[in-house]
Amino acid sequence: MTKVRHEVAALLLVAAASGATQAWAEDVQGVWTRDDGAIKVEFSPCGGAVCGSVSWLKSAAGAAKVGQRVFFDMVRSDQITWTGKAFNPEDGRTYSGKMVLSGKKLKTSGCVMGGLICKTVVWLR
């Protein structure tokens with residue numbers, strides 16, 4: 001290959017790698033609906049992490065409010081898992097949080113006592 005071809009090939013590889021990295025980091029972003037249809041949360045970047053805020057409620061009678069942030073500082077720990085903090089509007093407490101992505105399903109867990117007691121919710125894209 002000539003020098004120009006090497007440079008073009010290198011640029012294409014860098015561009016492809018950048019696109020793959022961006023897609024890898026963004027796959028949890030967007031609107032997710034809890035499996036019971038009662039609430040929607042939108043995940044988006046916040047600093048170097050991902051956060052989730054309530055974007056829709058079936059009923060405004062509960063403690064959750066539209067715009068309320070319920071997932072904080074969620075940082076990717078592997079290709080399908082994020083860890084950070086989860087806020088439960090029902091009891092007003094913040095828990096250690098974990099999210100696991102599996103296709104169009106997202107499982108979120110809020111845990112206490114080092115993960116001995118957890119509540120898990122399934123979300124659908």
Side-chain angles (χ1 to χ4, degrees):
M1 279 179 141
T2 67
K3 182 177 179 182
V4 173
R5 282 187 181 159
H6 282 290
E7 290 173 1
V8 170
L11 286 172
L12 289 173
L13 284 173
V14 168
S18 296
T21 301
Q22 186 173 359
W24 185 72
E26 293 178 348
D27 55 348
V28 76
Q29 292 180 35
V31 177
W32 293 82
T33 304
R34 194 165 72 188
D35 62 354
D36 66 1
I39 185 172
K40 292 182 182 184
V41 170
E42 182 170 3
F43 289 95
S44 59
C46 60
V50 173
C51 294
S53 298
V54 176
S55 62
W56 178 87
L57 292 164
K58 186 173 188 174
S59 170
K65 303 296 178 218
V66 171
Q68 185 173 44
R69 191 170 280 179
V70 290
F71 294 97
F72 299 85
D73 304 325
M74 301 303 283
V75 178
R76 190 183 283 276
S77 53
D78 63 33
Q79 286 187 329
I80 63 168
T81 308
W82 289 257
T83 57
K85 297 176 188 151
F87 174 72
N88 180 353
E90 299 302 320
D91 66 13
R93 295 183 59 186
T94 301
Y95 299 90
S96 63
K98 181 178 178 182
M99 304 189 312
V100 179
L101 180 65
S102 177
K104 293 186 181 221
K105 281 187 181 178
L106 180 68
K107 283 187 182 180
T108 60
S109 301
C111 302
V112 295
M113 298 179 65
L116 292 176
I117 301 172
C118 298
K119 179 179 179 183
T120 300
V121 175
V122 175
W123 304 82
L124 306 170
R125 200 180 284 276

Item checked: Pairs touching residues 89-125 that satisfy disulfide (SG to SG under 2.5 Å), sequence neighbours left out -> Cys111-Cys118
Provide the closest heavy-atom pair for [X] versus [Y] in the form atom of the first, atom of the second, distance.
X      : Y      : answer
Ile80  : Arg76  : N-NH1, 3.9 Å
Ala49  : Met74  : CB-O, 3.4 Å
Gly110 : Ala86  : CA-CB, 4.5 Å
Ser55  : Val31  : OG-CG1, 4.2 Å
Lys98  : Val100 : CE-CG2, 3.8 Å
Ala64  : Glu90  : N-OE2, 4.3 Å

Checklist line | Pairs touching residues 28-51 that satisfy salt bridge (charged side-chain N to carboxylate O under 4.0 Å, His left out), sequence neighbours left out | finding: Arg34-Asp36
Checklist line | Side chain to side chain, Leu106 and Phe43, heavy atoms closer than 4.5 Å | finding: yes
Check: Would you say the side chain of Val28 lies within less than 4.5 Å of the side chain of Trp123, judging by non-hydrogen atoms?
Finding: no
Next item on the list: Say whether Val66 and Ile39 are linked into one hydrophobic cluster, either directly or through other cluster members, by side-chain heavy-atom distances under 4.5 angstrom.
Entry: yes
Check: Quick one: do Trp82 and Leu124 end up in the same hydrophobic cluster if we chain Ile, Leu, Val, Met, Phe, Trp and Tyr together by side-chain heavy atoms under 4.5 Å apart?
Finding: no
Check: Around atom NZ of Lys65, are there more than 12 heavy atoms of other residues, nucleotides or ligands at under 6.0 Å?
Finding: yes
Item checked: Thr81 OG1 to Met99 CE distance, which is reported to the nearest 0.5 Å -> 9.5 Å
Item checked: Any residue meeting side-chain contact (heavy atoms from CB on, under 4.5 Å) with Phe72, in chain and number order, not counting sequence neighbours -> Arg69, Lys85, Phe87
Next item on the list: Take Trp32 and Leu101, measure what side-chain contact (heavy atoms from CB on, under 4.5 Å) needs, and give me the verdict at the end.
Entry: CA-CA 11 Å; Trp32 293 82; Leu101 180 65; 3.5 Å; yes
Check: Using 4.0 Å as the upper bound for N to carboxylate O, is an ion pair formed by Asp27 and Arg125?
Finding: no
